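Atoms considered below: every heavy atom in the structure, side chains included; atoms not considered: hydrogens, waters and symmetry mates. All figures in this text were calculated on a predicted structure; none of them were measured in a lab. Counting convention: from 1, in listed order, for ligands and their atoms alike.
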Amino acid sequence: MSDLIHYRLEDGLALIGLAHPPVNALGQPLRAAIIDACERAAADERVEAIILYGEHGMFSAGADITEFGTEASFAEPDLPSTLVRLTQIHKPLVAAIGKLALGGGMELALACGYRIGEPSTRVGLSEINLGLLPGAGGTQRLPRLIGAESALNLILSGQQIDAERARMLGILDRIATAAEQLLDEARAYANELIDYGAPARPTEAWPEPAEDLPGDFLARYRTEHEPRWKSRLAPRLVLSALEAACLLPLEEGLARELALFKQAEASRQSKALRHVFFAEREAGRIPGIGADIALRKVDKVAVIGAGTMGGGIAMNFANAGIPVALLELKGEALDNGLMQIRKNYEISVKRGKMTAEQLEQRMDLLFGTLDYNDLADADLVIEAVFEQMEIKQQVFRTLEKVCKPGAILATNTSSLDVDAIAATVSRPQDVIGLHFFSPANVMRLLEVVRGKATAPDVLATTMKIAKHIGKLPVLSGVCFGFIGNRMLEPYSREAHRLVLEGATPAQVDGVLTGLDLNMGIFSMLDLAGIDVSFLIRDSNRAAIAHDETYCRLGEELYALGRYGQKTGRGFYLYEGRNCKEDDEVVVLAERLADELEVPRRSIDDQEIHDRCMFMLINEGIQLLDEGIALRASDIDLVWINGYGFPAHLGGPMHYAEQLGLDKVLAGIEHYRHVLGEYGQMWFQPAQLLERLVAAGNTRIEII
Ligand code: 3H9
């Protein structure tokens, strides 16, 4: 018997424990071991029922994602046929689901006739997050267990549901009293089944999964939800699979599901999303910082500045049960900040996401103060004051005086030099940048900025605490704008320039949203505030002074007080939430083009795509070469989670690999030549890109 399975016989029961840590991924060796063990139990006359469980607590996180796109994915015994064979066993099979059953792990449980969980069990068909659909019976067996509509919602959401909800839906038959009791209660359940002479599988709860639904349910569902899916393939394939579940006998439905799954697996979108899955795991690994490094304790946090950003940052810690001191200079600003936090929580209560009691618990963890001396016992202090070097340096000088030795001193700057801030204190090793994205209580991305003096344990501690508060921390070195905002500059510059040359903001945005970005650049600038981008650019004047066309349109709008959504006018006109094009912006662009002697012409969508994307990509590659980003996949995470780049394109670096690095380079060189002086100035290929193409590399990595 394989090492991957623990098999034992106990009083008529075969206990089969999956022992393939950390998550019992159902790769070929484990699949083979499961089917061997189950069929051995089926053939053993002494066995009356079989229990499948996770030896180390967790049941299974599904198919082995590393196998996808390789031959191992369907190496025999493949998962779909393994599960069909399990359903053919003529003895009751009980899945004892500890902790998690996800994707193929849940499908494994669905192939068992009976399922018992424990209070912390969570189940879900999470394949959609990988651009896949359940491919081992999930789209066929689940609708027959809980009905087509509930199954569809669960599969399309990709979310995990808790044990109680799973029982209500009919996915779990029972919930053990505690995780430690799971196996004992599974045994008792199996013995009851034997005593009652229960069949190997109960009859289907929903023999006609779409029974109670209108005939056009799936068509209407598609019409209603399709706009949200944009160009994503997987949700559409899920619908086709559900249609099969409603119309075809099980065996034919399974065959259809498998064909659809293989189509999804082979798609670029799934490849991109699998890349993102592993990128997220990789981002936490920092060369030279081992798991054994001693971390600093972070039991108390302080946030300086109770504005939108500071308040949002404080909420993250309160949500994780960590007390936070929130400091402001004036009582009114502090009261407003605390009131805004309460309002945010009240919205969550209204939406049923937390109870009124939890709201009070979180507010109790927030302690407002006007006195810096109250920060003396904080283990981590994060300043979120106005984005100006002198102001931030002043705050750090004060922190130097009041904070205890060993406290981590973090700045939430989005573009300023963390080393220059660190230089104001005598303990620069304790200083780090924590660039939260707005709204800070919602956005998952956190750029963790390592200064040249930042101590390894400070870095390791902040990465850990970031994960603890539910963030996705990505490491950046110090440079203007770090990874995200530095890449935003050339991308935004190019968009501005295209409008000078004859495109409209709506045309540029249309190309970008056509690529499935959440927002076009001009809508984004209007939302974030044209004043904000002006101020950020202003702090970097020297680097862009040689181009007098540089974002001139944005500068003029700033001068006109058109700050974007907040003033009702920016690149667009706003009436409430509605936005429309503004002819005045076109007139302004024409006037500026005239003044700056930029020839105007009609610009096609491909040119907009190539110029915006290639400049974004080029800057990312440059950042990698400079060592600001550790790896290309970190850059992808920043742009997916901070700037609405579609995950199913894998992020800008993965997208560049898909486009072909040689094509990106050729495109940059093309515009270098056709755009005259401007092209010569800005379309300079990153040297790393040139080296990669010369070496025939198709992946972005340091060479
Ligand atoms: C599927 O099932 C398709 C079928 O329908 C049909 C097939 C025909 N495979 O995330 P963590 C690794 S699609 C391989 O850091 P956590 C992970 O890379 C699959 N490896 O821990 C990491 O490795 P490393 C549907 C996997 O506690 C280590 O395990 N299933 C898999 O934060 C620890 O993971 C899913 O989409 C896997 N399936 O979160 C579930 N899962 O240490 C995907 C994990 O080398 N998994 N690893 O970096 C998850 O959502 C999370 O990993 C989980 C644990 C919640 C389970």
Considering the heavy atoms of Glu127, write down every atom of ligand 1 situated less than 4.0 Å from one of them.
1 (C), 2 (O), 3 (C), 4 (C), 5 (O), 13 (S)
Please confirm whether Lys262 makes a cation-pi placement over Phe74, using NZ or CZ under 6.0 Å from the six-membered ring centre and within 45° of the ring normal.
yes
Any idea which protein heavy atom is nearest atom 42 (O) of ligand 1, and the distance to it?
Arg285 NH1, 4.3 Å
On the six-membered ring of Phe68, is Arg274 placed so that its NZ or CZ lies under 6.0 angstrom from the centre and within 45° of the ring axis?
no
Answer yes or no for Gly138: is there a heavy-atom contact with ligand 1 below 4.0 Å?
no
ring-ring contact (aromatic ring centres under 6.0 Å, His included) for His275 and Phe277? Distances and angles first, verdict last.
CA-CA 5 Å; His275 157 76; Phe277 176 83; over 10 Å; no
Parallel, tilted or perpendicular: which fits the ring planes of His435 and Phe437, with parallel below 30° and perpendicular above 60°?
tilted
Close side-chain approach of Tyr655 and Asp636, heavy atoms under 4.5 Å
no
Purely on distance, is any nitrogen or oxygen of Gly135 under 3.5 Å from one on ligand 1?
yes
Within a distance under 4.0 Å of any heavy atom of Leu100, pick out the atoms of ligand 1 and give their elements.
55 (C), 56 (C)
Which residue supplies the protein heavy atom nearest to atom 41 (N) of ligand 1, what is that atom called, and how far is it?
Val23 CG2, 3.6 Å
Should one rank Gly62, Ala136, Ala61, Ser81 by closest heavy-atom distance to atom 30 (N) of ligand 1, which comes out on top?
Ala61
Nearest heavy atom to atom 35 (C) of ligand 1, choosing from Ala264, Ser126, Gly103, belongs to Ser126
protein heavy-atom neighbour closest to atom 49 (C) of ligand 1 works out as Phe277 CE1, 3.9 Å
Nearest 0.5 Å, please: how far is CG in Leu365 from CG in Asn319?
9.5 Å
Any protein heavy-atom neighbour for atom 51 (C) of ligand 1 (distance below 4.0 angstrom)?
yes
What is the closest protein heavy atom to atom 11 (P) of ligand 1, and at what distance does it sit?
Arg281 NE, 3.7 Å
Please indicate whether any nitrogen or oxygen in Pro80 is less than 3.5 Å from any nitrogen or oxygen in ligand 1.
no
Do Asp184 and Gln181 touch side chain to side chain, with heavy atoms closer than 4.5 Å?
yes
Can you establish whether the number of heavy atoms outside Lys230 located under 6.0 Å from its atom NZ is more than 12?
yes
Show me which atoms of ligand 1 lie under 4.0 Å from any heavy atom of Pro22.
28 (C), 29 (O)
Name the option, out of Phe278, Phe68, Phe261, that contains the heavy atom nearest to atom 18 (O) of ligand 1.
Phe278
